[in-house]
Amino acid sequence: MNDGDDNCKRRRKERFAHEDFNDMSESSNDESSVLMSTHKRKTRTMLGFYDSVASASVNQTETQSPNHDKQSGLGPSWWDECNRPDYPEDEFKKVFRMSKSTFELICFELSSEGDASTLRNAISVKQRVAVCVWRLATGEPLRLVSKRFGLGISACRESVLEVCSAICSVLMPKYLRWPDVKSLRKIKEEFEVISWIPNVVGSMYTTHVPITPPKTCVAAYFNKRQTERNRKTSYSVTVQGVVDPRGVFTDVCIGWPGSMNDDQVLEKSALYQRANGGLFNGVWVVGSWGYPLMDWVLVPYRQHRLTWTQHGFNEKIGEIQRVAKEAFGRLKGRWRCLLTRTDVKLPDLAVVVGACCVLHNICEMKGEGFDPDLRSEFCDDDEMVPDVGLRSVSSMEARDAIAHNLLHHAI
């Protein structure tokens, strides 16, 4: 009896334990099912949300990207639009700093010359010139230029350098050269009208173009004046230019290190060598007080206490100096690649700057207007007093005579 009761109790406990286990398993399975179902429902909800966001983004891009590209100027169609005959003249000039006719003239002269055969490849001459002019005018990075014109970065880089080289070899002999006898006579007359100073054949100035630090001879290109003024280490190359009364360059010397003063750059220039050969007998090139007084270089008086005669002379010679300074202001204003540090390699920089000077001359000769908002201002503290301010006693006497005549002319 007792054994039977024990067996019954044992079987009852096993049955209850089995039922309890089944209940726990069923309960656990129910909770898992609920959790799994909830997770799947949330997942479906989130995926649906992301799909709707992505779809809306795509639709917005498809509807807005044409307008965005048109406003930003990016995309291969930008140049095609500028190249259309009905593209507004004022918009073209604002973009390329010159009228359509002047742009077409440059393209024609480069494509018609045998020396420009390197420009004839899969990309048209007109598009290559447009890439170059845009890059010079804006200083835009090549990655942005490539997007704007729908070309590769390497193709844009090659276009800029090849077109600049073609401009220097083909157009520079025609548009940037020393005047002939007839032209010099007219230049002297125009400068005399400006200042009452006779026999002036040019206004000379030297400016600096910022560069990235070169790998060699870094100290030579260190620009102390710009570093002190901007409180930032600066490196540069020099650009010496002589201009006529219209602000057209008649001579340039490009590429000497920025640590050199105006006097040292002048001595290194071909202009100095031609002057020693007798090019400037009886005539003057007017310079700032950063140049020495020489037989052919006329500069202002530099002493602190000036007489009325000397002060009047400095005012008149300052009007001639202003012609060169304003010409450099328009040069850097049109071609803004000259205002910021460039990624052009140092050996290629002289070609790029030379091309800017030639394009400046073409714009000036063709009467292209200049937007005053683009003008670049200069700091006169770039000028340094030369080591020897006087190179000729006869030139000092000639300057005194000119100053005396100016005083009596004013009276």
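Heavy-atom basis, side chains included; hydrogens, waters and symmetry copies ignored. Residue numbers start at 1 and run along the sequence shown.
- Side-chain contact between Leu151 and Gln127: present, with at least one pair of heavy atoms (C-beta onward) separated by less than 4.5 Å.
- No side-chain donor-acceptor contact under 3.5 Å links Glu228 to the backbone of Arg225.
- Here the CD1-SG distance, from Ile362 to Cys357, works out to 11.5 Å after rounding to the nearest 0.5 Å.
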Task: Evaluation steps, side-chain contact (heavy atoms from CB on, under 4.5 Å), between Glu109 and Leu105 - done: CA-CA 6 Å; Glu109 295 200 15; Leu105 173 66; 3.4 Å; yes
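- When Arg274, Gln240, Arg177 are each tested for a side-chain hydrogen bond (donor to acceptor under 3.5 Å, both in side chains) with Asp251, only one passes: Arg274.
- Within the 4.5 Å cutoff, the side chain of His208 has no heavy atoms near those of the Val237 side chain.
- Here the closest non-hydrogen pair linking Pro198 and Trp284 is O-CD1, 3.8 Å.
- Closest approach of Pro214 and Leu346 over heavy atoms only: CB-CD2, 4.2 Å.
- Ion pairing of Asp343 with Arg143 is absent here, as no side-chain N (NZ or NE/NH1/NH2) approaches a carboxylate O to less than 4.0 Å.
- Checking Ser111, Cys107, Ser159, Ser124 one by one against Val129, the side-chain contact (heavy atoms from CB on, under 4.5 Å) holds for a single residue, Cys107.
- Not one N or O on the side chain of Ser195 forms a donor-acceptor pair closer than 3.5 Å with the backbone of Glu192.
- Around NZ of Lys100, the count of heavy atoms belonging to other residues, nucleotides or ligands within 6.0 Å exceeds 12.
- When all heavy atoms are compared, the tightest approach of Trp335 to Cys356 is NE1-O, 3.3 Å.
- With Asn361 contributing its side chain and Val248 its backbone, the two residues share no donor-acceptor pair below 3.5 Å.
- A distance below 6.0 Å separates the ring centres of Phe328 and Phe249.
- In this structure a side-chain-to-backbone donor-acceptor pair under 3.5 Å is present from His360 to Gly247.
- Looking at Asn83, its side chain never comes within 3.5 Å of a backbone N or O of Trp79 through a donor-acceptor pair.
- The backbone N or O of Cys253 sits nowhere less than 3.5 Å from a side-chain atom of Ser269 that would complete a donor-acceptor pair.
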TODO: Check the pair Lys188, Val201 against side-chain contact (heavy atoms from CB on, under 4.5 Å), reporting the backbone distance first and the verdict last.
DONE: CA-CA 5 Å; Lys188 287 189 288 186; Val201 296; 3.7 Å; yes
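- Interatomic distance, Ile317 CD1 to Trp289 CH2, rounded to the nearest 0.5 Å: 14.0 Å.
- Asp80 contributes atom CG, which lies 10.5 Å from atom CZ of Phe149 (distance to the nearest 0.5 angstrom).
- Taking the charged nitrogens against the carboxylate oxygens, Glu104 and Lys126 do have a contact shorter than 4.0 Å, which makes a salt bridge.
- At a threshold of 4.5 Å between non-hydrogen side-chain atoms, the residues Leu266 and Met294 count as touching.
- Pairing each heavy atom of Ile320 with each of Phe191, the nearest pair is CG2-CE2, 3.8 Å.
- Summarising the geometry of Val299 relative to Pro292, their closest heavy-atom pair is CG1-O, 3.9 Å, with the distance given to 0.1 Å.
- Between the side chain of Arg399 and the backbone N or O of Pro300, at least one donor-acceptor pair lies under 3.5 Å.
- One finds the CE atom of Met172 at 9.5 Å from the CG atom of Leu359 (value rounded to the nearest 0.5 Å).
- For the atom pair Arg305 CZ and His311 NE2, the distance stands at 16.0 Å (nearest 0.5 Å).
- Exactly one residue among Glu368, Arg97, Lys93 makes a side-chain hydrogen bond (donor to acceptor under 3.5 Å, both in side chains) with Thr102. That residue is Glu368.
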- [ ] Apply side-chain hydrogen bond (donor to acceptor under 3.5 Å, both in side chains) to Asp295 and Ser394, showing your working.
- [x] CA-CA 7 Å; Asp295 289 334; Ser394 61; 3.2 Å; yes
TODO: Carefully, step by step, assess Gln303 and Gln310 under the rule side-chain contact (heavy atoms from CB on, under 4.5 Å).
DONE: CA-CA 10 Å; Gln303 53 262 40; Gln310 294 170 341; 3.1 Å; yes
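- For the residue pair Thr207/Lys325, the side-chain donor-acceptor check at 3.5 Å is not satisfied.
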Task: Ile402/Leu298 under side-chain contact (heavy atoms from CB on, under 4.5 Å): CA gap, chis, key distance, verdict - done: CA-CA 10 Å; Ile402 293 173; Leu298 190 63; 4.2 Å; yes
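- Put simply, the side chain of Thr212 does not reach to within 4.5 Å of the side chain of Tyr235, judged on heavy atoms.
- Atom CZ of Arg84 is surrounded by more than 12 heavy atoms from other residues, nucleotides or ligands within 6.0 Å.
- Checking side-chain atoms of Ser165 against main-chain N and O of Leu161 turns up no donor-acceptor pair under 3.5 Å.
- The minimum heavy-atom distance between Cys164 and Cys132, with the atom names listed, is SG-SG, 3.6 Å.
- Side-chain polar atoms of Tyr301 and Asp400 form a donor-acceptor pair below 3.5 angstrom.
- Distance OG1/Thr309 to CG/Leu406: 9.5 Å, rounded to 0.5 Å.
- Put simply, the side chain of Tyr205 does not reach to within 4.5 Å of the side chain of Val242, judged on heavy atoms.
- Between the side chain of Thr238 and the backbone N or O of Trp256 there is at least one donor-acceptor pair closer than 3.5 Å.
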Task: Worked verdict on Arg128 versus Glu158 for salt bridge (Lys or Arg N to Asp or Glu O under 4.0 Å) - done: CA-CA 9 Å; Arg128 293 167 76 82; Glu158 291 175 0; 5.5 Å; no
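- Taking 4.5 Å as the limit, some side-chain heavy atom of Leu176 sits within range of a side-chain heavy atom of Val252.
- For the pair Arg148 and Trp78, the distance from NZ or CZ to the six-membered ring centre is under 6.0 Å and the angle to the ring normal is within 45 degrees.
- When atom types are taken as modelled, the side chain of Arg334 and the backbone of Ala137 share no donor-acceptor pair closer than 3.5 angstrom.
- Side-chain contact check for Tyr291 and Thr206: at least one donor-acceptor pair (N or O, by modelled atom type) lies under 3.5 Å.
- Between Phe103 and Phe92, some side-chain heavy-atom pair lies under the 4.5 Å cut-off.
- Residues Gln321 and Met204 have side chains not in contact (no heavy-atom distance under 4.5 Å, counting atoms from C-beta outward).
- Taking the charged nitrogens against the carboxylate oxygens, Lys182 and Asp180 have no contact shorter than 4.0 Å, which rules out a salt bridge.
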